[in-house]
Amino acid sequence: MSNGNKGKSSSSDGGGRRPRRVRMTGAERREQLLDIGRTLFAERGFEGTSVEEIAAKAGVSKPVVYEHFGGKEGLYAVVVDREMRQLLDMVTGALTAGHPRELLEQAAFALLDYIETFTDGFRILVRDSPVAQSTGTFASLISDIATQVEDILGLEFKARGFDPKLAPLYAQALVGMVALTGQWWLDVRKPKKAEVAAHLVNLAWHGLDGLEAKPRLVGHRKN
């Protein structure tokens, strides 16, 4: 009798029970898979990441990944789309009213801030996308940012007597310069962010400040 009572007491106090596993909601599971996918895509790229590994790290079966995203391609597309929107929002949000040189500083800082804060996201964006998708590519994102800069340059060109139709060309050149420098800084992280921004603006601003209304070629080639 006494042994039986001890057995009941042992089972009732929960000493041998496993802790109950908290079940995630569908939205929570989706976010978990996105976070895991984002990390793996940044570390290994699209081709080096498998659905099996994503599922294993999330503690779920492969069908769960397919249920939420339809496969690795769908998960990748959502990750890329989120990162592109994050970067575009940071850059365009930084282009507030101010002196043109200050606007250049704001744009440079916005990109460098994104690289510093969302390093994994930037690593994913600058890779060549292996998946045909509607979200586009890093090049298309840079083009979107250049469109924002183009409007600012157009007004400045007009005010200074330059042809405003050339603003798109200069906008692409400026944004491309900052973006490529950002890719280089992603790994080296030297000099410090503020110094990188200062040098970028130094080159861009003094180049614009001494701009010729009708630039000429000095070499022998003319076409």
Side-chain angles (χ1 to χ4, degrees), residues 24-94 107-149 171-193 196-197 200:
M24 286 187 178
T25 65
E28 288 170 339
R29 180 66 72 193
R30 180 180 172 85
E31 289 302 315
Q32 181 205 31
L33 292 170
L34 283 169
D35 287 342
I36 291 171
R38 182 176 181 269
T39 300
L40 290 175
F41 290 138
E43 288 177 357
R44 306 179 186 182
F46 178 82
E47 296 297 339
T49 303
S50 67
V51 173
E52 288 85 354
E53 188 172 12
I54 294 169
K57 285 190 175 292
V60 299
S61 61
K62 285 170 55 179
V64 175
V65 180
Y66 288 107
E67 178 186 344
H68 282 279
F69 300 100
K72 184 172 70 169
E73 292 82 0
L75 175 57
Y76 182 86
V78 175
V79 169
V80 170
D81 183 61
R82 280 190 170 191
E83 294 303 326
M84 290 180 73
R85 284 189 284 111
Q86 177 69 48
L87 176 53
L88 184 60
D89 288 347
M90 287 180 70
V91 173
T92 55
F109 264 119
L111 178 63
L112 296 173
D113 284 341
Y114 173 81
I115 294 171
E116 188 174 60
T117 307
F118 302 97
T119 303
D120 281 354
F122 191 73
R123 288 190 189 280
I124 293 169
L125 288 182
V126 297
R127 293 178 187 272
D128 291 331
S129 173
V131 183
Q133 54 186 326
S134 59
T135 51
T137 62
F138 185 61
S140 68
L141 174 65
I142 293 303
S143 184
D144 288 343
I145 296 172
T147 300
Q148 309 291 326
V149 176
Q172 292 284 344
L174 286 171
V175 174
M177 176 182 72
V178 175
L180 284 174
T181 303
Q183 289 187 51
W184 165 78
W185 188 71
L186 172 66
D187 293 315
V188 297
R189 298 299 174 101
K190 291 180 181 180
K192 292 182 178 180
K193 179 171 62 177
V196 174
L200 280 169

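As a basis for the values below, the full set of heavy atoms in this structure was taken, side chains included, without hydrogen atoms, waters or symmetry mates. All figures in this text were calculated on a predicted structure; none of them were measured in a lab. Numbering starts at 1 and runs along the sequence shown.
Minimum interatomic distance between A108 and L200 (heavy atoms only, all atoms of both residues): CB-CD1, 4.3 Å. W185 approaches P191 most closely through the heavy-atom pair NE1-O, 2.9 Å. Scanning all heavy atoms of the two residues, the minimum distance from I142 to A179 falls at CD1-CB, 3.5 Å. Smallest separation of non-hydrogen atoms from D89 and T92: O-OG1, 3.5 Å. Across R123 and A42, no two heavy atoms sit closer than the pair CD-O, 4.1 Å.
Side-chain atoms of K62 do not come within 3.5 Å of backbone N or O of V51 as any donor-acceptor pair. Between the side chain of S143 and the main chain of A139, no donor-acceptor pair closer than 3.5 Å is present.
Partners of Q148 by side-chain hydrogen bond (donor to acceptor under 3.5 Å, both in side chains), not counting sequence neighbours: none found. E116 pairs by the salt bridge (charged side-chain N to carboxylate O under 4.0 Å, His left out) definition with K193, not counting sequence neighbours.
In this structure, CZ on R189 lies 9.5 Å from CG on L112, to the nearest 0.5 angstrom. To the nearest 0.5 Å, the span separating CD1 on I115 from CE on M90 amounts to 10.0 Å. With values rounded to the nearest 0.5 angstrom, L125 atom CG is found 11.0 Å from D120 atom CG. Considering CG of L75 and CZ of R30, their distance stands at 8.5 Å, rounded to 0.5 Å.
In this structure, M24 and E31 have side chains that are not in contact, with every pair of non-hydrogen atoms separated by 4.5 Å or more. Annotation: side chain of F138 is in contact with side chain of L87 (closest heavy-atom distance under 4.5 Å). Side-chain atoms of L111 and F122, non-hydrogen and from C-beta on, do get closer than 4.5 Å to each other. Annotation: side chain of R82 is not in contact with side chain of F118 (no heavy-atom distance under 4.5 Å). Side-chain contact between R127 and F41 is absent, with no heavy atoms from C-beta onward closer than 4.5 Å. Annotation: side chain of D144 is not in contact with side chain of M84 (no heavy-atom distance under 4.5 Å). Residues Y114 and V91 form no side-chain contact, since every pair of their non-hydrogen atoms from C-beta on lies 4.5 Å or further apart.
L40 pairs in a side-chain contact (heavy atoms from CB on, under 4.5 Å) with only one of the listed residues (I124, D35, I54), which is I54.
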